[in-house]
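All remarks here apply to the structure that follows.
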Amino acid sequence: MKQIALILTAVVLGLGFGYATGGLAFSSAVCLVAGIFLVTPSLFKFNLSDVAIIKDNLPSVFKNLWINYLLLTAVALGIGYLSNDIGIAAALFLLALLPGGGMVMMWIKTSGANVKLGFVIFMLNLALLLPVMLVFGQFENFAGGWFPAPDLGGIEGIATDGGVKPIAPFMILVVIPFILSRIALKFFPGVITFTGKHQQLISKATMFGIVLYLFSLNTAQLLFQVEIMDLLKAVIATVAFYAVVTAVAIFATDLTPNGKSVFWHIATRYITLALILAIFSVDTFGATFILPIMIAYFIQIGGAGFLAKREHKGVEGQPA
């Protein structure tokens, strides 16, 4: 609950700062910060040999893939189509393509799940970032004809550092952290020791700083500029999406350690990464594009606490 309060505090402070000052301009350097301080430390415990457990857990891995990248993307597109807003549809589609997240391993550990399997699934989903970005990059082309043209009037003055090529997030958030983790493991064991002792603090501080910064951006001020009906539509669409996500996660998994590992990768989205990536495309999909991802913070962080109580059942007596 402390981490939930921390993130929500960052959201409120960021929005307040942006509202009072007009907001900060976006810098893509935040992607590098996320890669170094959120992704790299988690890779210290990852060995390429760990990938071998996939062959012994194919049902769980396959379930993660088809539910997240087929079923939930279809659900996102369906809800987005009903909203009749290309910004909302694109945001839900992006959320569907980014399962897991910065806090998913914490939930996996505290609920008595199979930590090693959970981490391998986390790495698999992260490794799929490149095809995910390639698919999302084509969203406007294959879905644009089904929606009215986005209203771009509300984003005047928004600075996004221009467009982003799909390879860039993959390099910054996957390749560079992996290389840094291998260098640290070989030449800087003290960094590994320090990070191991303070990883939770580093993760919380980094998450707080990134969320505070992202919600301090002038882009985040779109929350105060959109029509009330557009905001209501975004809330309803995002709530509906998470309702389906949660229902699927509950009914498609059980309370075994493997089931719990898959559950958290279905029930949660990488909302911080989604928000970072969304900044690059807000001038394509309009003001409503940023809304579902902002709303997702409140839904997911609040809902995860309740879901954790369900997943914690049966922890006692489980084999380590």
Let me confirm one number: the [atom1]-[atom2] distance from [X] to [Y], rounded to the nearest 0.5 Å.
{"X": "D230", "Y": "S83", "atom1": "CG", "atom2": "OG", "answer": "10.0 Å"}
{"X": "L24", "Y": "L217", "atom1": "CG", "atom2": "CG", "answer": "6.0 Å"}
{"X": "K186", "Y": "S181", "atom1": "NZ", "atom2": "OG", "answer": "13.5 Å"}
{"X": "T268", "Y": "I301", "atom1": "OG1", "atom2": "CD1", "answer": "11.0 Å"}
{"X": "L275", "Y": "L214", "atom1": "CG", "atom2": "CG", "answer": "4.5 Å"}
{"X": "L291", "Y": "I88", "atom1": "CG", "atom2": "CD1", "answer": "7.0 Å"}

If I compare all heavy atoms of [X] with all of [Y], which pair ends up nearest, and what's the gap?
{"X": "N114", "Y": "S261", "answer": "O-OG, 2.7 Å"}
{"X": "A184", "Y": "I192", "answer": "CB-CD1, 3.8 Å"}
{"X": "A10", "Y": "V211", "answer": "CB-CG1, 3.8 Å"}
{"X": "L95", "Y": "A274", "answer": "CD2-CB, 3.9 Å"}
{"X": "Q300", "Y": "Y242", "answer": "OE1-OH, 2.8 Å"}
{"X": "P292", "Y": "L92", "answer": "CB-CD2, 4.1 Å"}

Does one hydrophobic cluster hold both [X] and [Y], with members joined at side-chain heavy-atom distances below 4.5 Å?
{"X": "I236", "Y": "M229", "answer": "yes"}
{"X": "L134", "Y": "I276", "answer": "yes"}
{"X": "L70", "Y": "F136", "answer": "yes"}
{"X": "L231", "Y": "V12", "answer": "no"}
{"X": "V174", "Y": "V51", "answer": "yes"}

Residues two or more places apart in sequence or in another chain: which of them pass ring pair (Phe, Tyr, Trp, His ring centres under 6.0 Å) with F241?
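Once residues adjacent in sequence are excluded, F241 has no partner under the ring pair (Phe, Tyr, Trp, His ring centres under 6.0 Å) criterion.
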Evaluation steps, side chain to side chain donor-acceptor pair (under 3.5 Å), between S111 and W264
CA-CA 10 Å; S111 63; W264 285 112; 3.1 Å; yes
State, with a plain yes or no, whether a side-chain heavy atom of [X] is found less than 4.5 Å away from one of [Y].
{"X": "M123", "Y": "V120", "result": "no"}
{"X": "F17", "Y": "T21", "result": "yes"}
{"X": "V33", "Y": "Y213", "result": "no"}
{"X": "F44", "Y": "L180", "result": "no"}
{"X": "L128", "Y": "Y69", "result": "yes"}
{"X": "L129", "Y": "L98", "result": "yes"}
{"X": "M133", "Y": "L277", "result": "yes"}
{"X": "L72", "Y": "I266", "result": "yes"}

Look at the rings of F285 and F139 and say which category their plane angle falls in: under 30° parallel, 30 to 60° tilted, over 60° perpendicular.
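Plane angle over 60°, so perpendicular.
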Parallel, tilted or perpendicular, judged at 30° and 60°: which one describes the rings of Y297 and F215?
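The arrangement is perpendicular - the two ring planes meet at more than 60°.
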Taking it one step at a time, do L6 and M207 satisfy side chain to side chain contact (heavy atoms under 4.5 Å, CB included)?
CA-CA 9 Å; L6 191 70; M207 190 81 72; over 6 Å; no
Only one of N68, L94, I299 passes side-chain contact (heavy atoms from CB on, under 4.5 Å) with R269; say which it is.
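The side-chain contact (heavy atoms from CB on, under 4.5 Å) with R269 is passed solely by N68 among N68, L94, I299.
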Against N258, only a single residue in T253, L117, I121 fulfils side-chain contact (heavy atoms from CB on, under 4.5 Å); can you say which?
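The option that passes is L117.
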Step by step, would you call T40 with F178 a side chain to side chain contact (heavy atoms under 4.5 Å, CB included)?
CA-CA 6 Å; T40 302; F178 182 78; over 6 Å; no
Evaluate side chain to side chain donor-acceptor pair (under 3.5 Å) for D85 paired with T288, printing each intermediate quantity in order.
CA-CA 8 Å; D85 188 301; T288 55; 2.6 Å; yes
Is the side chain of K63 donor-acceptor paired with the backbone N or O of A252 at a distance under 3.5 Å, no angle test?
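Yes; judged by distance alone, with no hydrogens or angles, the pair exists.
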Looking at F194, is its backbone amide N or carbonyl O close enough to the side chain of K197 to form a donor-acceptor pair, meaning the two atoms are under 3.5 Å apart?
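Not at all, since once roles are kept as given, no pair shorter than 3.5 Å links the two residues.
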For F263 and I250, what are the C-alpha separation, side-chain angles and deciding distance, and is it a side chain to side chain contact (heavy atoms under 4.5 Å, CB included)?
CA-CA 7 Å; F263 171 87; I250 290 174; 3.9 Å; yes
Checking side chain to side chain contact (heavy atoms under 4.5 Å, CB included) for the pair L43/R182: CA distance, chi angles, key distance, verdict?
CA-CA 8 Å; L43 298 179; R182 300 309 97 175; 4.2 Å; yes
Does CZ belonging to F37 count more than 12 external heavy atoms closer than 6.0 Å?
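Counting neighbours around CZ of F37, 12 or fewer heavy atoms of other residues, nucleotides or ligands fall under 6.0 Å, so no.
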Heavy-atom neighbours of Y81 OH exceed 12 at 6.0 Å:
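Counting other residues, nucleotides and ligands, OH of Y81 stays at 12 neighbours or fewer.
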